[in-house]
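See below for the structure under consideration.
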Amino acid sequence: MAPLFALVDCNNFYASCERVFQPPLRGKPVVVLSNNDGCVIARSNEAKALGIEMGAPWHLHRDQFQKQGVIVRSSNYTLYGDMSGRVMRTLANFAPELEVYSIDEAFLNLSGFADPVAHSRLLRATVLQWTGIPVSVGIAPTKTLAKVANRLAKKSPDSCGVMALTSEADQVAALQRLELTDIWGVANRLAARLAALGIRTPLALRDTDPKMIRTSFGVVMERVVLELRGQSCLSLEEHSPDKKTIMASRSFGRTVTEEAEMREAVATYMSRAAEKMRRQGLVTASIGVFVNTNRFREQDAQYYGSQTVRLGIATADTAKLIRAALYGLSRIWRPGFSYKKAGVICLDLHQAAKLQGALFHQADDPGRLELMRLMDELNRRYGRGSIAFAAAGVKKGWALRSEHLSARYSTNAMELLRV
DNA sequence: TCTGGGGTCCTAGGACCC
DNA sequence: TCTGGGGTCCTAGGACCC
């Protein structure tokens, strides 16, 4: 069956969430600000009409907003996460397969539906009724074209929030109404490089030889071209894969100059990240710590420090991770700078459940420590990659100790050592 | 004698997304 | 004084192995 995707996108999501709980905000220009009330991260249509840009720093616009009667809200991510869940659960009633793409977007598989437009109108009305959130729907044979359709559904008042691009003629007409940077996967840098080759519009990109694009821009851009032509390269991903990294970072409301204060901040971020990690059933054997100064203050001395710390044993234990993070911080801390931001990243995440031997949870057990010592000895004596363990597809030292220290392999370890 | 070439791993950096 | 917080994927190049 020919693929047919619908992209459902919540309109001005954070601003719409605020309105659900404060109906008087309806019809008024509303903006939502980032952490520390730094900059604008969501705008109602009325705010957009006033020319307020995404990312506009609040401190530069505070007076203007006041004059224009713009209503300003600090962000409330718990609320938005909860509202997102309600929207997604509602959408799940409208398609056999659903991919939650972001907090405010989902792809639906509508292939085989007799009247996808009517279906999407019903979907739209239901989501509004059940959650109070207005959405737009774009329908097309590829995800990239569904994105295009969605954008046009938002732009065209007469579409009533649903736009389908099923025929090639419709697709061509739609692409003519957009800029290159409106295309999913094309931002300023790539648009500039494309323009240098004379490719200045979405239609021109669509009509460029994909092989040539692949040579000059790589496989990602080649897929964009094919998808614009109606050839589906990106499939629906129903099950979101495990995270590969987890980050916790913040900009400070004011600058930090004392190491003690920075240590406190890093410890807080680390415990936050560890919490996230445990909630997702993951562990890490490697974390990154970074600090940096305020890049907007060009008159200040700039510094960006980062350090990766390997733990040896994968864990989600907050205390162990904090110790490691503070060690990392001590390596990169330089006195004399005004720090603006810091954070930690959990790298190379693994599912705790898949790690055999429960080594990670009982690393203090003498028997297990002995086995680990044996494994280290093996590594030293035979070299990495030369023993049976490596043949099992083990990539890293710590993984060798973790994933393959089951009963089966530990027996082999003893035998190898006797040789 | 023949001094190649494929494969993997790691890191850094670039580009994109919401 | 004041400018967000997350993520993903790809590529290039060097080290190393066989």
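In what follows, every chain begins at residue 1, and chains take the letters A, B, ... in the order their sequences are listed.
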Out of C/dG4, B/dC18, C/dC2, which has the shortest distance to the side chain of A/R297? C/dC2
A/R86/A/D82 ion pair, N-O < 4.0 Å: yes
A/N12 versus A/K48, side-chain donor and acceptor atoms under 3.5 Å: yes
Provide, to the nearest angstrom, the distance between the CG atom belonging to A/N292 and the P atom belonging to C/dG4. 11 Å
Check every atom of C/dG5, C/dC2, B/dC18 against the side chain of A/T255 and return the nucleotide holding the closest atom. C/dC2
For A/S338, what residues pass the side chain to side chain contact (heavy atoms under 4.5 Å, CB included) criterion, not counting sequence neighbours? A/T255, A/T257
Tell me the interatomic distance from A/D63, atom CG, to C/dT1, atom P, rounded to whole angstroms. 15 Å
For DNA chain B, the dot-bracket notation using Watson-Crick and G-U wobble pairs below 3.5 Å, [ ] for pseudoknot-type crossings and | for other-strand pairs, is ....||||||||||||||
When you get a sec, tell me which of C/dG4, C/dC2, B/dC17 is the closest nucleotide to the side chain of A/K340? C/dC2
What donor-acceptor contacts under 3.5 angstrom involve side-chain atoms of residues 192-204 of chain A, with partners at least two apart or in another chain?
residue: A/R193; atom: NH2; partner: A/S216; partner atom: O; Å: 3.0
residue: A/R200; atom: NH2; partner: A/A195; partner atom: O; Å: 3.4
residue: A/T201; atom: OG1; partner: A/A204; partner atom: N; Å: 3.0

Checking all strands, does A/W184 fall into the base, sugar-phosphate, or nothing category for heavy-atom contacts under 4.0 angstrom? sugar-phosphate
Using only side-chain N and O atoms of A/N36, determine if any of them is under 4.0 Å from OP1 or OP2 of C/dG4. no
Mind checking what makes side chain to side chain donor-acceptor pair (under 3.5 Å) contact with A/T293, not counting sequence neighbours? A/Q302
List the residues meeting salt bridge (Lys or Arg N to Asp or Glu O under 4.0 Å) with A/R89, not counting sequence neighbours, and say none if there are none. none
Summarise how protein sits on nucleotides 6-16 of chain C as a single string, 5' to 3': B when a protein heavy atom is under 4.0 Å from the base, S for sugar-phosphate-only contact, - for no contact. SSSSSS-----
So, is A/K341 close to the C/dG4 phosphate, meaning a side-chain N or O under 4.0 Å from OP1 or OP2? no
Presence of A/S34 side-chain N/O under 4.0 Å of C/dG5 phosphate oxygens OP1/OP2: no
Looking at every strand, decide which applies to A/Y101 at a 4.0 Å heavy-atom threshold: base, sugar-phosphate, or nothing. sugar-phosphate
Taking side chain to side chain donor-acceptor pair (under 3.5 Å) as the test, write out the residues that go with A/K154, two or more places apart. A/D9, A/N150
Any residue meeting side chain to side chain contact (heavy atoms under 4.5 Å, CB included) with A/P134, in chain and number order, not counting sequence neighbours: A/N11, A/S16, A/L128
Set of residues satisfying side chain to side chain contact (heavy atoms under 4.5 Å, CB included) with respect to A/A95, sequence neighbours excluded: A/L108, A/L110
Would you indicate what A/I345 reaches in the nucleic acid, counting non-hydrogen atoms under 4.0 angstrom: base, sugar-phosphate, or nothing? nothing
Rounded off to whole Å, could you give me the NE2-to-C1' distance for the A/H59 and C/dC2 pair? 5 Å
A/Y14 OH to C/dG4 P, in whole Å, measures 14 Å
Qualifying residues under side chain to side chain donor-acceptor pair (under 3.5 Å), relative to A/T144, sequence neighbours excluded: A/E227
State which residues pass side chain to side chain donor-acceptor pair (under 3.5 Å) with A/K211; sequence neighbours excluded, sorted by chain then number. A/E222
Could A/K143 and A/E99 be called an ion pair, given the rule that one side-chain N must be under 4.0 Å from one carboxylate O? yes
When the distance from CG of A/D37 to P of C/dT3 is rounded to whole Å, what number comes out? 11 Å
Using a heavy-atom distance cut-off of less than 4.0 Å, which residues of residues 321-338 of chain A contact DNA chain C? none
